[in-house]
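Below you'll find the structure, written out as structure tokens, and then a few comments.
Just so we're on the same page: letters track the sequence lines, and every chain starts at 1.
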Amino acid sequence: MSTGANLVSFVAIGVLVGCGVSLLLERSLSRVLLGIILIGNGINLLIIFGSRSGRAPIVGVTEAPSMSDALPQAMVLTAIVITFGITAFLLALSYRSWYLTGDDEVPDDIEDQQIVRRAARKEVSTADLGGEGAGSDEEQVDPPVQRGAFPDEGPG
Amino acid sequence: MTALVPLPVMLPLLGAALTLLLANRPLPQRVVSVSCLGGTLVVAVVLLVQAYRHGPLVVEIGDWRAPVGIVLVADQLAALMLVVSSAVTLCVLLYSIGQGQAETGETAPLAIFHPTYLVLTAGVTNAFLAGDLFNLFVGFEMLLAASFVLITLNGTRLRIRTGSTYVVVNVLASMIFLISVGLVYAATGTLNLAHLAARLDALPEGVRLSLQLMLLLAFGIKAAVFPLSAWLPDSYPTAPAPVTAVFAGLLTKVGVYAIIRTQTLLFPGHQAGELLMVVAGLTMLVGILGAVAQSDMKRLLSFTLVSHIGFMIFGVGLSTVAGLVGAIFYVVHHITIQTALFLVAGLVEQRTGSTDLRRLGGLARMAPVLGVLFFVSAMNLAGIPPFSGFLGKLGLLQAGVAAGGPLPWVLVAVGTLTSLLTLYVASRVWNLAFWRAPCQTVTPTAPLPALMVGATVALVALGVGLTVVAGPLFDVTTGAAVDLRDRTPYIRAVLPGGPP
């Protein structure tokens, strides 16, 4: 089976995914988004090169042995559509994040923040004793229940 | 009868289209959603009965023959999952209608709740029915895309913040899944699960093992197995109560289902059993210790969710029939009971405006119904006899003892310890929120809507009822586990002429 893959295609896949992973580790959501797009394209190439290459798979135009495999192309099309949708959603998400907070950075874990805060005060977990707990931590308190329109917050 | 197989996917999707058209008209929207999910439940029950009596039902979509075309397969495991998931989604839908979460004002973006929720359901059912790896991926993407919208519903600051973690982690898991799909296809030239089962055996050991580990990695993130579970307790609690409930109940279990399906069908006699058991033990311990340290009811429940995923993975890791029976029974039990617990937490929030254990108190007197609902479900989760949690844990522990060997015995000990710690966590919530004298800061609000309480009661009753029907349920799970181990019923149903 000839897949049409050569060194250049492998390097291309590797570079795309590698750059994507490095962007994925960034703090800013828009960079993460770019990383996801790069990885998505790398994977699409991987799927294409993993299958038989050849001429257009049309009966009557191409003979069966020299046909390319049509299935991965269908899969890649689906994957492109899905990545497109996710990209649109992430763009909206990072815009909303920027609108509300002035940047689109992904913040620390709640648990990490609490542990850091407790360590700074040399406290252990004292939730049962009425010490530090969710009440004094604005991250853990639920937002007021919103009904109806968008809540009126943010710099807009 | 096979004509019924695509309905659990199609009904919610059609409902999603209709409810989108009916945006801003709450009553017809609700009628459509409820009837779609009700219809799905009925179809699922019929499918389960058929699969139990006559073996797997297979539909070739568009009449394309099996290894090339897309097949939907409803075997006993898939049908059982369908029944439980549609019952749970229906209850949660009623609950959210009661809460008015689904309500539509004139300018409200919440008109999208119903369509999104139905797409989520369709994604879940599609993942259960998928007969090939790529369709499984599509099912995951459907439910993920819908869950992205639901978890950031209303776009408040906190939800955007936690939602971004959820989105990025899950997109990454999907990417890993897609890479494994591409590699599986490159190695075998097929994605049909039954066909793969025949072809994967011919691959070199190393290639097969790396494919198996890639798939496990992807599903492990989705199922929130330690060390891939850190995203879950951070992102679930901030979503609206019904959304959190259905996520906690169903989405992680779809990951567990995918692990069960691929491990048994594609990689039988696999080498990952020990790895799975180690991971299962760590998941149980780390999860429940995390729950002990929490001071917010929803976060605490999220940690117990992570912890109890370990029980199911333990059953899969044993890879004996008894282990699989226990795992499948536990999935059914845990979907019901974890959703019920989150619904109760939502009721507590509705009643008092908070789920903070430091501020809650005196709920047992203020709202006795809530007290009973929480107590029953918490005892069920902790595995006190005669509840189904006890039966599920007993089944798994017996399977562990029967398997013998040092690792299963360690897991049996860890499982028992986890049950005890779950009991401790449950009693802690009970003492702080329900039993002790009321705090000053809690201001009782209006009485709870009857529909919310009704839906929660129904789900708690379903959880308790699992004990009553435990005999037939064990029959079904045993049948499913035997079929899974045997593999031939599934393969023969999909490829009647044998693999080409």
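For the pair A:T78/B:V138, a side-chain contact is recorded, criterion being any heavy-atom separation below 4.5 Å from C-beta on. Contact of the A:L46 side chain with the B:L183 side chain is registered, since non-hydrogen atoms from C-beta on lie closer than 4.5 Å. Contact annotation: the side chain of A:I86 approaches that of B:E141 to within less than 4.5 Å [non-hydrogen atoms, C-beta and beyond]. Considering only heavy atoms from C-beta on, B:T156 stays 4.5 Å or farther from A:L100 through its side chain.
Of the listed residues (B:V167, B:I160, B:V168), just one forms a side chain to side chain contact (heavy atoms under 4.5 Å, CB included) with A:L29, and that residue is B:V168.
The residue among A:N44, A:D69, A:T83, A:V21 with the most heavy atom pairs within less than 4.5 Å of chain B is A:D69.
Heavy-atom distances place the side chain of A:L90, and not its backbone, under 4.5 Å from chain B. Of the two parts of A:I82, only the side chain, counted from C-beta on, holds a non-hydrogen atom closer than 4.5 Å to a non-hydrogen atom of chain B. Only the side chain of B:T152 has a heavy atom closer than 4.5 Å to any heavy atom of chain A. Of the atoms belonging to B:F134, it is side-chain heavy atoms, and not backbone ones, that fall under 4.5 Å from chain A. Neither the backbone nor the side chain of B:L144 comes within contact range of chain A; no heavy atom of the residue lies under 4.5 Å from a heavy atom of that chain.
Between A:M75 and B:L191 the shortest heavy-atom distance is SD-CD1, 3.1 Å. Annotation for A:A79 and B:L178: closest pair CB-CD2, 3.9 Å, computed over non-hydrogen atoms. Minimum heavy-atom separation, A:L71 to B:V68: CD1-O, 4.4 Å. Taking both residues in full, the closest heavy atoms of A:I43 and B:M175 are given as CD1-O, 3.5 Å, listed atom of the first, atom of the second, then distance.
Put simply, CD1 on B:I179 and CD1 on A:I47 are 9.0 Å apart, with the number rounded to the nearest 0.5 Å. How far CZ of B:R159 is from CZ of A:R96: 11.5 Å, rounded to the nearest 0.5 Å. Summarising the geometry, atom CD1 belonging to A:I36 is positioned 9.5 Å from atom OG belonging to B:S174; distances are rounded to the nearest 0.5 Å.
In B:W435, the CH2 atom is not crowded: 12 or fewer heavy atoms of neighbouring residues, nucleotides or ligands sit closer than 6.0 Å. With a 6.0 Å radius and a threshold of 12 heavy atoms from other residues, nucleotides or ligands, A:R31 has its CZ atom at or below the threshold.
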